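Comments concern the structure below.
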2 protein chains.
Amino acid sequence: MIRLLIADDQALVRGALAALLQLEDDLEVVAEVARGDEVVDAARESKPDVALLDVEMPGIDGLAAARLLRDAVPTCRVLMVTTFGRPGYLKQAMAAGASGFVVKDTPARQLADAVRRVHSGLRVVDPTLAAESLTQGDSPLTDREADVLQAARSGGTVAAIAATLFLSEGTVRNHLSSAIGKTGARTRAEAVRVAVDNGWLLPH
Amino acid sequence: MIRLLIADDQALVRGALAALLQLEDDLEVVAEVARGDEVVDAARESKPDVALLDVEMPGIDGLAAARLLRDAVPTCRVLMVTTFGRPGYLKQAMAAGASGFVVKDTPARQLADAVRRVHSGLRVVDPTLAAESLTQGDSPLTDREADVLQAARSGGTVAAIAATLFLSEGTVRNHLSSAIGKTGARTRAEAVRVAVDNGWLLPH
DNA sequence: AGCTTGTCGTGACACCTGTCATGGTCACGT
DNA sequence: ACGTGACCATGACAGGTGTCACGACAAGCT
């Protein structure tokens, strides 16, 4: 019997996922949480064998939750189940100690298989995503450039970004210019779009 | 026995949703589709009583699908089941002939109830969303302003927007300026963010 | 007929942005 | 010790952006 923890902020999806997996004879859902910061506590209590984590959750995101879970409950393997197949998320998830990464667009039947494989110590990765991840490589952005781009997401001016990051306006412009160049964009808004699409920015 | 059609682009969610609803004695899933443009054909063939439509789908979005479905199969009632609780989507959904609108964050138990209520001719609307929708009112943007803002989403320059819309650059700037003023934003990027959050722009 | 509103356009102006040159500090690996 | 690269900053400049004033036309309303 494989014990499962399911973490997803959408109650409907979470419940439906649990219902689907509960149908399998060798799977048992022992915990459900809606927030990233509830994952560790729930795992400590219910001792699951595999945790299914969504990337996008309130509290802390699934990536950070995976990191914490790896330290707190090392016996629990992590399978990321996410909506968006951003190649960058895959890298971050693997770096965070996840054993698998599948998008919600995969056939339903494959999920149970993925859970069993992860439980037996194998790694499960969406093949198309893995290919994208390889061809595209790592994020070309430096930490600071990513910070500035992240701050630019809400659409504020350079002055606003500089204020929130405690930087000079000129520095912000330089980082933005560099990020725009690296993303092949022509404006900061376009650079944000490219970076988000590739998973180079943290979920929000 | 209530016959159901489920339309959602995420295979996992679609299957899980079907599994969950199949558990109810009086519900029967007779069709599942992954694209908006497959809804009408599937409905013609399987004659469902209620169609559960996601707003965001490839092909055509759930709003447009609801409009087509209303004309093609008038006996089939529409229940929108969406991820994002944008108040504007609710208005558009109701205008498109939907009988209900719930977000995926609602408790699982309530979905079956919502289906039954919709089937019996009642309207089902997420209460918090309805409140937001009332307080906030309609979109203040004119059609053209929405068009320009929509074109500005990808992050292109004024020249690019003007080219795609066959307008003068000055006109584009005027519409943008007006939209920025109406949204209370200070830059076009912020205006886009506000408009998207409120559902004043079409899904994409 | 008058009025309002949305749409499209021009021109002008202050300001913001993106880019570049330049220079400094710090951490890192050789 | 030295080179490299990320990081921070300043200053300057061309060009893009947001705003405003003004005009013109069509559609709808009183």
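Throughout, protein chains are lettered first and strands after them, A, B, ... in sequence-line order, and every chain is numbered starting at 1. Everything numeric in this text was worked out from a predicted model, so none of it was measured.
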Distances under 3.5 Å only, N/O to N/O: pair up the protein atoms with those of nucleotides 5-7 of chain D.
from, atom 1, to, atom 2, distance (Å)
D:dC7, OP1, A:R144, N, 3.3
D:dC7, OP2, A:T142, OG1, 2.3

Could you go through the salt bridge (charged side-chain N to carboxylate O under 4.0 Å, His left out) check for B:D71 and B:R67 one step at a time? CA-CA 7 Å; B:D71 294 337; B:R67 270 188 291 273; over 6 Å; no

Polar atom pairs between nucleotides 24-29 of chain D and protein, under 3.5 Å, N or O only, would you list them?
none

If the condition is salt bridge (Lys or Arg N to Asp or Glu O under 4.0 Å), which residues does A:E190 pass it with, not counting sequence neighbours? none

How would you list, by chain and number, every residue that makes a side-chain contact (heavy atoms from CB on, under 4.5 Å) with A:V73, sequence neighbours excluded? A:A43, A:R44, A:L69, A:T75, A:C76

Any residue meeting salt bridge (Lys or Arg N to Asp or Glu O under 4.0 Å) with A:D147, in chain and number order, not counting sequence neighbours: A:R144

Check B:I161 against B:A151 and note the closest heavy-atom contact, atom names and distance. CG2-CB, 3.8 Å

Please name all residues satisfying side chain to side chain donor-acceptor pair (under 3.5 Å) with A:T142, sequence neighbours left out, ordered by chain then number. A:E145

May I ask you to evaluate whether A:T187 reaches the phosphate of D:dG16, defined as a side-chain N or O under 4.0 Å from OP1 or OP2? no

Which residue lies more 5' along DNA chain C, comparing A:A189 with B:E169 via nearest heavy atoms: B:E169

Rounded to 10°, the angle between the first-five-pair and last-five-pair axes of the helix from C:dA1-D:dT30 to C:dT30-D:dA1 is 40°

What protein N or O atoms touch nucleotides 19-22 of chain C N or O atoms at under 3.5 angstrom, if any, and at what distances?
from, atom 1, to, atom 2, distance (Å)
C:dT19, OP2, A:S177, OG, 2.9
C:dC20, N4, A:N174, OD1, 2.9

Residues which pass salt bridge (Lys or Arg N to Asp or Glu O under 4.0 Å) with B:R188, listed by chain and number, not counting sequence neighbours: none

In whole angstroms, the gap separating P of D:dC8 from CZ of A:F166 amounts to 13 Å

Taking side-chain contact (heavy atoms from CB on, under 4.5 Å) as the test, write out the residues that go with B:D113, two or more places apart. B:R116

Residue pairs fulfilling side chain to side chain donor-acceptor pair (under 3.5 Å) with at least one residue in residues 120-129 of chain B, sequence neighbours excluded: B:D126-B:T128

May I have the list of side-chain donor-acceptor pairs in residues 2-11 of chain A shorter than 3.5 Å, sequence neighbours left out?
from, atom 1, to, atom 2, distance (Å)
A:R3, NE, A:S46, O, 3.4
A:R3, NE, A:K47, O, 3.1
A:R3, NH2, A:S46, O, 2.6
A:D8, OD1, A:Q10, N, 2.9
A:D8, OD2, A:K104, NZ, 2.9

